[in-house]
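The structure appears right after this line, and notes come after that.
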Amino acid sequence: MIKGELIFEGNEKQVFATDNPDQVIFRYKDVTVAYNNVKRARFIGKGALDNQISAILLNYLNENGVETHYVSTLGEKEQLCRKIEIIPLQVVVHNRIAGSLAARLGVEEGYRHPNTIVDLRYNNDELEDPFINRDHAVALGLATYQELDGMYNIARKVNDLLKPLFHKAGIELVDMKIEFGRASDTGSIIISDEISPDTCRLWDEATGERLDKDRFRLDLSRVVESYRTVLDRLKKVIN
Ligand code: TYD
């Protein structure tokens, strides 16, 4: 496999072509951004941790019947992924109220609800990722109703698989954001972005301590150390 040209540069990752038209290389950067790119910082070692955590989670999903873009790990910060056509939607799953959802619903952060809440957002920086519903997504031509049903079902399945996995690691999966794409080889809709402490809220079950990007958002310090805790604990439960 030969690494080709840079085809995408985001805030937190780069994507390179390969000599296989259906595969790309994801490179995780040490940069982190929040609040629609308003807040930005660099944490040495974070890219490598996101790469490893995401590899464990995506591989676990692949092995449990949920297709993701993850193929294999290539190096400290790089993984080989299936090439996809981006679907600019974010499916956000909430198991407990946190972040902006608390203000939106007028309840305390940490409120436990009995059901799983699934939100849909239009992935559009200019519009600041607005909340939309299925009708808006179809109106914009982003997906069909059938595809949206599929994405919601996959998101719930991912939650049903990852919640107990994190629980084994003494971590509560509070919420997470999932993105999808159409695989260039088969056309099927697969998970197409990282799943990591950058895209989930993860609370230590014993102490309630935040082990995710909120440490950066809320200036809580020990960002990299917390991501390392997540990786170390996941490694123990996976092996
Ligand atoms: P969400 O409730 O959509 O927004 P907020 O971060 O304002 O509370 O976020 C739920 C989870 O999804 C949280 O863990 C952060 C993650 N997320 C992303 O990773 N990227 C995004 O662009 C958005 C909107 C959320």
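Just so you know, ligand 1 is whichever comes first in the structure, and atom 1 is the first atom listed for that ligand.
Residue contacts with ligand 1 include R217, since one or more of its heavy atoms lies under 4.0 Å from the ligand. Ligand 1 is never approached by D119 to a heavy-atom distance shorter than 4.0 Å.
Partners of K177 by side chain to side chain contact (heavy atoms under 4.5 Å, CB included), not counting sequence neighbours, listed by chain and number: Q90, V92, E179, D193, T199.
Note on residues 189-239: pairs passing ring pair (Phe, Tyr, Trp, His ring centres under 6.0 Å), not counting sequence neighbours, are F43-F216.
Other residues, nucleotides and ligands contribute more than 12 heavy atoms inside 6.0 Å of the NZ atom of K13. In the displayed structure, I2 atom CD1 is contacted under 6.0 Å by at most 12 heavy atoms of other residues, nucleotides or ligands.
Taking every non-hydrogen atom of C200 and a distance limit under 4.0 Å, the qualifying atoms of ligand 1 come out as 14 (O). Under a 4.0 Å criterion applied to the non-hydrogen atoms of G99, ligand 1 contributes the atoms 8 (O). Those atoms of ligand 1 that come under 4.0 Å of a heavy atom in Q90, given as number and element, are 21 (C), 22 (O), 23 (C), 24 (C). Close approach to H94 involves these atoms of ligand 1, each under 4.0 Å from a residue heavy atom: 2 (O). The contact set between ligand 1 and D198, taken as ligand atoms under 4.0 Å from a residue heavy atom, comprises 19 (O). Counting atoms of ligand 1 from 1 in the listed order, those under 4.0 Å from a heavy atom of T199 are 12 (O), 14 (O), 16 (C), 19 (O). Close approach of ligand 1 to R121 is summarised as follows: ligand atoms under 4.0 Å from at least one heavy atom of the residue are 1 (P), 3 (O), 4 (O), 24 (C).
With distances taken over non-hydrogen atoms, the option nearest atom 9 (O) of ligand 1 out of R201, K177, M176 is R201.
A donor atom on one side chain and an acceptor atom on the other are found under 3.5 Å apart for N95 and N159. Looking at Q79 and N51, their side chains do bring a donor and an acceptor atom within 3.5 Å of each other.
At distances below 3.5 Å, at least one donor-acceptor pair connects side-chain atoms of N62 with backbone N or O atoms of T68.
Counting only heavy atoms of the protein, atom 10 (C) of ligand 1 lies nearest to V92 CG1, 3.4 Å. For atom 13 (C) of ligand 1, the closest non-hydrogen atom on the protein side is D175 OD1, 3.2 Å. Counting only heavy atoms of the protein, atom 8 (O) of ligand 1 lies nearest to S100 N, 2.9 Å.
At a 4.0 Å heavy-atom cut-off, ligand 1 touches D129 through the side chain alone.
Note on D149 versus R134: salt bridge recorded, some NZ/NE/NH1/NH2 to OD/OE distance being below 4.0 Å. Between K157 and D160 there is no salt bridge, since none of the side-chain N atoms of the basic residue sits less than 4.0 Å from a carboxylate O of the acidic one.
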